[in-house]
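The structure appears right after this line, and notes come after that.
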Amino acid sequence: MNSADVLSLCKRRGFIWPAYEIYGGIAGLYDYGPMGAAMKNNIVHVWRKAYTLGEGFVEIDADTIGPEIVFKASGHLDKFSDALVSCVKCKTPYRADHLLKEHHPNPASLSHGDMDDLIQKVGVVCMECGGEISKVEDFNLMFKTMIGPGAIGRTGYLRPETAQGMFYNFNSLHRHMREKLPFGVIQIGRGYRNEISPRQGVIRLREFNMMEAELFIDPKDKTWPRFDAIKQDQIRLVPNEPGDTELSVTLEEALKKGIIANEVLAYFVGFTQRFLVTVGVDPERLRFRQHLKTEMAHYAADCWDAEALLSFGWTEIVGIADRGCWDLSRHIEFSNVEMNGFRRYDEPVEVEKEVLKPKYGMLGPQFKAKSSAVGKALEAADPKLIEDGGITVQVDGAPMIIEAKYFDVARVKEKVSGEKFVPHVIEPSHGLDRIMYTCLEHAYTEKEDKEGKYLVMRLAPLSAPIKLGIFPLMGKDELAKPAMELDAEFRANEVATSYDDSGSIGRRYARMDEVGTPYCVTVDYQTLEDDTVTIRDRDSTAQVRVKRSILLKTVVDLLNGKRSFADLKG
RNA sequence: GCAGGUGUAAUCUAGCGGUUAGGAUUUUAGCCUUCCAAGCUAAACACCCGGGUUCGAAUCCCGGCACCUGCACCA
């Protein structure tokens, strides 16, 4: 099996189509067809339920276009930019900071002009052909646009991740969650990256779907209440310590041995594994790899990737990062808006401290209009900074020396009931398109039969776009009528069906096998006698006969995994 | 972005200067058919795009686009 076979099936059966195909297509852009869109919705549904109903996260839906400052704050404008140079002669591109590594302690910090100068000064030439190196050009992976027309337009960018929407809305979310930590937020939507070289089908796209969760926590409490429920789950880990190889341990062991840094991170590694297996990722082809220190993103303190083994090799499909306080701190810095959690002490603490008491009666005549600002500055000042009977404070941005006669030093008692802190963030970030593709490739099974290749997509029932095929054994009225009634009944109960009365029964089963439909129900002549129908299992091709009266419940239980097909037979 | 390879129906492919562009699968209509791609009869659908060479181009040349492989790049 290779990716071309899978993509060919995806195209033929309406899962994934190259976008704008009648115009020749655009690399890195793909559309989901009817089967793909349905399957994507199914995976999203499972994920959303796990986070909202399961873990109590709330969902938001923020904009995909943002003003420049958001991405200055997030770091994407700087860190997603590469200073690019190329050889004038052979056009080989280089990253300017890579070329200057040996000539400067921190070349990435240089301005473009300084890089140009340094390249000239030390005489860097092309490593391929010895040619001259061009001037530095900026290449940013974000799509740039204008918000508003003409001269009044502001520079904006399409978001490269959904995460920022959850960070810049922190205060509103915190208030909504009644100012309690921890709380979690999810967002499902598109992100955009102008990739230099999109490849490998839907693995690297220029427009892609993400499911991201941001969990805001107290950095002093990185535990999780439901960890006990999953701590026995086995997990394949590839730590980043030199010499460490892949190992299979329980989450509990991984935490005890310090392989995974904290409990909440370990919990979401396990939670992610459960989710992925539920929607159809093969556990034998799934592992978690810790990021090397050098590949850690600019915002991450620790990061574990869920990797799936695909025909392209091990491929990242989920990143679970401890982003620390990086994002919120940056938005605080750029917006001048405080974003805090509040850690309440068990008992309020009485603190005695010295403060300055401005003598407002003297300040007024001396400082006139500025007196109120001087007073506030004095109240905020630290008495330890008093020197030579005076103190220097900042008033309207300028330092002022205030003599001691304008204030008293007093000891006061203060009740402190807690402290503020910038929350840390745990981020499980899912590449939805990659997860989709992984489910498709892991489901892809070829068998040999007399016709040649026989394809079965062993999709997880929860992901499958069609849940149930419904067939009359023959397209005759006496069979077709009850079959159509069954079909209507299932659809009324939100089971996606496909009714089919054309061609031989074997062909109809085969058609359903190719789009991953887990079960088929067939109405035959015996149905007319005893009101039973057969249920046929995709993976074993076995059939059981069940009473029509319990059919709906039986099928729903099979789809939800409450019963297995093998149990039905007994 | 660089180098190499590939581009014929929804899919797999034959044709390699002159063909009504062939086959298979699929799809559609009908006949037949009592459970795993059965059979019969019809029908539908294609030379990636744009230039050039030539009396004549799916075929040769150039450019573009897409896909594949490697390099580079990349949460």
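Remember, predicted model here, so these are calculated numbers, not experimental data. In what follows, chains carry the letters A, B, and so on, assigned in the order in which the sequence lines appear, proteins first and then strands, with residues in each chain numbered from 1.
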(request) Once you apply the 3.5 Å cut-off to both distances, tell me the Watson-Crick or G-U wobble partner of B:C40, or none. (result) B:G30
(message) With a 3.5 Å limit on both atom pairs, tell me what B:G18 is paired to, counting Watson-Crick and G-U wobble, or say none.
(response) B:C55
(request) From the options B:C35, B:C67, B:U11, select the nucleotide whose nearest atom is closest to the side chain of A:Tyr30. (result) B:C67
(request) Could you tell me whether the side chains of A:Thr497 and A:Asp487 share a donor-acceptor contact shorter than 3.5 Å? (result) yes
(message) Roughly how many Å apart are B:G15 and B:C71, using the P atom of each and rounding to a whole number?
(response) 33 Å
(request) Would you mind telling me which of B:C73, B:A75, B:A37 lies closest to the side-chain atoms of A:Arg204? (result) B:C73
(request) Give a yes or no on whether A:Asp477 atom CG has more than 12 heavy-atom contacts from other residues, nucleotides or ligands under 6.0 Å away. (result) no
(request) Answer with yes or no whether A:Glu21 presents, from its side chain, a donor or acceptor under 3.5 Å of a partner atom in the base of B:A10. (result) no
(request) Provide the distance between the two C1' atoms, one in B:U54 and one in B:G64, to the nearest whole Å. (result) 23 Å
(message) Looking at A:Arg511 and B:A37, is any side-chain donor or acceptor paired with a base atom of the opposite kind under 3.5 Å?
(response) no
(message) Say we look at B:U41 and B:C32: how far apart would their P atoms be, to the nearest angstrom?
(response) 16 Å
(request) Please evaluate the base of B:C36 for a donor-acceptor partner in the side chain of A:Arg536 within a cut-off of under 3.5 Å? (result) yes
(request) Whole angstrom is fine here: how far is it from CG in A:Leu7 over to P in B:C68? (result) 7 Å
(request) Give the nucleotide from the list B:C35, B:A38, B:A75 with an atom nearest to the side chain of A:Ser504. (result) B:A38
(message) Roughly how many Å apart are B:A46 and B:U11, using the C1' atom of each and rounding to a whole number?
(response) 12 Å
(message) Return whichever of A:Met474 or A:Gln200 has its heavy-atom-nearest nucleotide of RNA chain B closer to the 5' end.
(response) A:Met474
(message) Work out how far the C1' atom of B:C61 is from that of B:A57, and round it to whole angstrom.
(response) 11 Å
(request) Select one nucleotide: of B:A75, B:U34, B:A38, the one nearest the side-chain heavy atoms of A:Leu473. (result) B:U34
(message) For B:C65, does the base pair up with any side-chain atom of A:Tyr23 as donor and acceptor (N or O, under 3.5 Å, distance only)?
(response) no
(message) Return the pairing partner of B:G63 with a 3.5 Å limit on both distances, Watson-Crick or G-U wobble; otherwise return none.
(response) B:C49
(request) Determine whether the side chains of A:Glu529 and A:Tyr525 contain a donor N or O and an acceptor N or O closer than 3.5 Å. (result) no
(request) Could you check whether A:Ser429 gets within reach of a base, just the sugar-phosphate, or nothing at all, counting any heavy atom under 4.0 Å? (result) base
(message) Would you measure the distance from the C1' atom in B:G18 across to the matching atom in B:U59 and give it in whole Å?
(response) 11 Å
(message) Tell me whether the side-chain N or O atoms of A:Thr541 pair up with the base of B:C36 as donor and acceptor below 3.5 Å, since no angle test is needed here.
(response) no
(request) Using a 4.0 Å heavy-atom cut-off across all strands, classify A:Ser502 as base, sugar-phosphate, or nothing. (result) nothing
(message) From the set B:A37, B:C67, B:U34, return the single nucleotide nearest to any side-chain atom of A:Tyr525.
(response) B:U34
(message) Distance check needed: B:C12 P versus A:Glu446 CD, whole Å only.
(response) 13 Å
(message) Just the rounded figure in Å: distance from C1' of B:A75 to CG of A:Asp302.
(response) 14 Å
(message) Between C1' on B:U28 and CG on A:Asp500, what's the gap in Å once rounded to a whole number?
(response) 13 Å
(request) In whole angstrom, give me the gap between the C1' atoms of B:G23 and B:A9. (result) 13 Å
(request) Would you tell me whether A:Gln543 and A:Asp537 have side-chain atoms, one donor and one acceptor, within less than 3.5 Å of each other? (result) no
(message) Nearest to the A:Tyr509 side chain among B:A75, B:C36, B:A37, which nucleotide is it?
(response) B:C36
(request) Would you check if there is a donor-acceptor pair between the side chains of A:Asp433 and A:Tyr32 at a distance under 3.5 Å? (result) yes
(request) May I ask you to evaluate whether A:Arg507 reaches the phosphate of B:C35, defined as a side-chain N or O under 4.0 Å from OP1 or OP2? (result) no
(request) Please state how far atom CG in A:Leu455 lies from atom P in B:U11, giving the value in whole angstrom units. (result) 14 Å
(message) Tell me if the CD1 atom of A:Ile550 is crowded by more than 12 foreign heavy atoms within 6.0 Å.
(response) yes
(message) Among B:A37, B:C36, B:U11, which nucleotide has an atom closest to any side-chain atom of A:Arg12?
(response) B:U11
(request) Consider the side chain of A:Ser8, meaning its heavy atoms from C-beta on, and name the nucleotide among B:C35, B:U11, B:A75 that approaches it most closely. (result) B:U11
(message) Please report the distance, rounded to the nearest Å, between CD in A:Gln543 and P in B:C36.
(response) 8 Å
(request) Hey, which sits more toward the 5' end of RNA chain B by its nearest nucleotide, A:Ile26 or A:Gly475? (result) A:Gly475
(message) Checking A:Thr532 against A:Asp530: is there a side-chain donor and acceptor pair closer than 3.5 Å?
(response) yes
(message) Let's test this: given Watson-Crick or G-U wobble pairing with both distances under 3.5 Å, identify the partner of B:U69.
(response) B:A3
(request) Please report, rounded to the nearest Å, how far the C1' atom of B:C35 is from the CZ atom of A:Arg538. (result) 19 Å
(request) Show the numbers, then the answer: is there a side chain to side chain donor-acceptor pair (under 3.5 Å) between A:His291 and A:Asp305? (result) CA-CA 7 Å; A:His291 271 204; A:Asp305 282 349; 2.7 Å; yes
(request) Taking atom C1' in both B:C68 and B:C35, compute the distance separating them and give it to the nearest angstrom. (result) 42 Å
(request) Measure from CD1 on A:Ile22 to C1' on B:A9 and round the result to the nearest Å. (result) 16 Å
